[in-house]
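Right, one structure below, let's go through it.
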Amino acid sequence: MLSRHEDIAAAVCGVAPLPRDDEGPVFREPWEAQAFAMAVTLHERGVFTWAEWAAALSAEISRAQAVGDPDLGDSYYRHWLKALEQLVAEKGVSSAAALEARRQAWDRAAHATPHGQPILLENDPLAKD
């Protein structure tokens, strides 16, 4: 039986190779690992198949390349996250509007957080108490 990481790598190998080393996926930033984990969890909960995931990721990478993404590898997880957001909206897990509202809340929280402190959604100045 394949590990989760091997399942994912196999699903996306024809799309874009999963950044990995001998121990599994590699991430440059914590949010990349979180996006990866969200995709794994949603797949395990039956929200989408790996074939659907690969198709969504492929479509997102193609869209990005069509508008000039040089595809140097540094944008891989941005495409991953965008594909994940699109699948979540398509599958009715969340709406595109709710995802955009949450993105804006995190952006406001990031701007309101002092340098060196963890960014928390509660730091959003518009957060309700």
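For clarity, every value in this text was computed on a predicted model and none was experimentally measured.
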- Item | Any Val47 side-chain heavy atom under 4.5 Å of Val93 side chain | yes
- Item | Arg63: partners by salt bridge (Lys or Arg N to Asp or Glu O under 4.0 Å), with sequence neighbours left out | Glu60
- Quick one: list whatever passes salt bridge (Lys or Arg N to Asp or Glu O under 4.0 Å) with Glu52, sequence neighbours left out. Lys91
- Between Ala35 and Leu84, which heavy-atom pair has the shortest distance, and what is it? O-CD2, 3.8 Å
- Task: Could you pull out the closest heavy-atom pair between Gln117 and Thr113, with the gap in Å?
- Result: O-CG2, 3.5 Å
- With clusters built from Ile, Leu, Val, Met, Phe, Trp and Tyr whose side-chain heavy atoms come within less than 4.5 Å, directly or transitively, what are the remaining members of the cluster of Trp106, listed by chain and number? Ile119, Leu121
- Shared-cluster residues of Val26, by chain and number - hydrophobic side chains joined below 4.5 Å: none
- Item | Residues in side chain to side chain donor-acceptor pair (under 3.5 Å) contact with Ser75, at least two apart in sequence or another chain | Asp69, His79
- Residue pair Gln86 / Glu90, side-chain donor-acceptor N/O under 3.5 Å: no
- Item | Pairwise distance CD(Gln34) to OG1(Thr41) - rounded to 0.5 angstrom | 11.5 Å
[X]: side-chain contact (heavy atoms from CB on, under 4.5 Å) partners, not counting sequence neighbours:
X: Ser95; value: Ala97, Ala98
X: Ala101; value: none
X: Asp124; value: Ala105, Arg108, Ala109, Leu126, Ala127

- Message: Applying salt bridge (charged side-chain N to carboxylate O under 4.0 Å, His left out) as the test, list every pair that has at least one member in residues 73-85; sequence neighbours left out.
- Response: Glu85-Arg103
- Pairs satisfying salt bridge (charged side-chain N to carboxylate O under 4.0 Å, His left out), at least one member in residues 111-122, at least two apart: none
- Does one hydrophobic cluster hold both Trp31 and Tyr76, with members joined at side-chain heavy-atom distances below 4.5 Å? yes
- Message: Whether the side chain of Trp80 engages the backbone of Glu32 through a donor-acceptor N/O pair (distance < 3.5 Å, no angle test) should be reported.
- Response: no
- Query: Donor-acceptor pair, Ser62 side chain versus Ser58 backbone, under 3.5 Å?
  - Reply: yes
- Using the six-membered ring wherever Trp is involved, compare the ring planes of Phe36 and Tyr77 and label them parallel, tilted or perpendicular (cut-offs 30° and 60°). perpendicular
- Taking only residues two or more places apart in sequence, or in another chain, which ones meet Phe48 in a ring pair (Phe, Tyr, Trp, His ring centres under 6.0 Å)? Trp53
